[in-house]
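What follows is a set of notes on a single structure, which appears directly below.
Values reported hereafter were calculated over all heavy atoms of this structure, with side chains retained and with hydrogens, waters and symmetry mates removed. In each ligand, atom 1 is the first atom listed, and ligand 1 is the first ligand listed.
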Amino acid sequence: MGKINLEDPAVTIREARLGSITGFNGTAGELVKCAHAGKLHDCSRSFSQCLDCTSGKAFCQLSMIKDAAIVNHAPIGCAGDFFGYNFVYRVGQMQRGLPSTIGRYFNTNLEERDTVFGAVGKLKSTVHEVYDRVHPKAIFITTSCASGIIGDDVEGAANELTEELGIPVVTCFCEGFKSKIWTTGFDVAYHSIVRKIVKPPRKKTNKVNIINFWGEHIFDEMLEKLGYKAEYIVPFTTISQLKYISEASATIEICPTLGTYLGAALEQVYGVPEMKSPPGYGIAGTDTWMRELGTVLNRKDEIEEIIKEEHKRIIPIIEEYRSIFKGKTAYLTAGAAHGHAIIALLRELGFEVQGAAIFHHDPVYDNGESTSDALAQDVKNYGDVKNYNVCNKQAYELVNILNRLKPDIMIARHGGMTLWGAKLGVPTLLIGDEQFGFGYQGVLNYAERIVETLDNKEFVTNLAKHSTMPYTKWWLEQDPFTFLGGNTNVELY
Ligand code: SF4
């Protein structure tokens, strides 16, 4: 963690900047204790099945800026993620009643000869072609392993093109090999935006930045009541909107794994206060988050009133759900901060959380505040979580653990993970929208979906009967952490 440095075109990766890790086996409490003591070491795996790519995560945030274009300076295979994000973009347009347009994504198609002779010329001609074809308000150039290894001067080319075309042509250094923590890609995308798109504020406005993916607009009503206006960033914004996110009264992050860098950068560079409490999931977590919102927006009395009304409305309903879920067990898999949010929701509803497979762990966020640690808040509010595993989507570990624990339900945040629960006959619920579980209403939303999932157990029971598993009996009898290199995370002291 350190000061945001807009002079450097590249961002320091999370492993080096925040001390983030991708391997841990223990309890949530042990992880928090080690992280807060500065004694967390990564525990690498001797076998890794898959990893996601930093470039894809940068693309995830940049690809839905409505009037920008992306040039991916890479071999064509790196552009495999265009399809998925174009799909999300189109669905998002339909949900928002926007005209349907396809994403403006291009690739320089680096080939073998380019890796020998360099490909800056190819990059420049691609950017020209993109400018002529779609007339974007800005062009982001995302780099790749290949362009990084051959050492193309992408920053120099982007600066020349900016002069020539009269629009920002912005580098986004997101070579996949640089970091095992793919969320570094979010930081890189935001770094590009803050460095080259955002302008100093002309005045303060009543807007509140909401750093999110593309979830529901749940903050509109509450902020309006408080005299503020929600500005959802970055997907579905325009370049001119992004220019003045520096004028907002505050920044809210739906998930600090996503927004840590942008929230800290806007506060450090332009003085926009960043909400530091973990996002509001579960009743206790929402109370804390709401009170900080009241302080930041100078609306303490109004917030106390809302808290009182909401408790009155939801607590009796939650009590009923708790009696339904009494004695039930749950397991979850998700990205870091959102995983912590799901733990809060499940514990609030009375589930025993048997364990979690969480993709990475940031011991601290870019704001440097220990109060932002959502996992620490979970442990404080609801007690420890056993079988807390930091696991970067290694399905073989997940399947082995699930097979042992056999929870009553599995909750997943990412589509590729749900099939493993279903194949083992475990009712599995996929919820991709972070906003769905946020705040007081979010607890009820989750409860309702969980009831539906548990009511439909027969579906996964039948599915399990008729499906095969690629993992052998041999593997399922091994220690799930056979390939996690020793228990070097925990320094006993
Ligand atoms: S940038 Fe590297 S890790 Fe990412 S898709 Fe391309 S080759 Fe793979």
Please table the atom pairs, donor to acceptor, closer than 3.5 Å between any side-chain atom in residues 416-428 and protein atoms at least two apart or in another chain.
unit_1: T418; atom_1: OG1; unit_2: G415; atom_2: O; d: 2.9
unit_1: K423; atom_1: NZ; unit_2: T468; atom_2: O; d: 2.5
unit_1: T428; atom_1: OG1; unit_2: V426; atom_2: O; d: 2.7

- Message: Is any side-chain heavy atom of Q268 closer than 4.5 Å to one of D366?
- Response: no

- Message: Yes or no, since that's all I need: does a protein heavy atom fall within a distance strictly under 4.0 Å of atom 4 (Fe) of ligand 1?
- Response: yes

- Item | Pairs involving residues 151-173, ordered by first then second residue, that meet ring pair (Phe, Tyr, Trp, His ring centres under 6.0 Å) (sequence neighbours left out) | none

- Protein N/O/S atoms closer than 2.8 Å to atom 6 (Fe) of ligand 1, ordered by chain and number, come to C78 SG

- Taking the six-membered ring for Trp, are Y131 and H135 parallel (under 30°), tilted (30 to 60°) or perpendicular (over 60°)? perpendicular

- Plane angle bin for F47 and Y396 - parallel if under 30°, tilted between 30 and 60°, otherwise perpendicular: tilted

I'd like a table of donor-acceptor pairs (distance under 3.5 Å, sequence neighbours excluded) in which one partner is a side-chain atom from residues 52-59, with atom names and distances.
unit_1: D52; atom_1: OD2; unit_2: K57; atom_2: NZ; d: 3.2

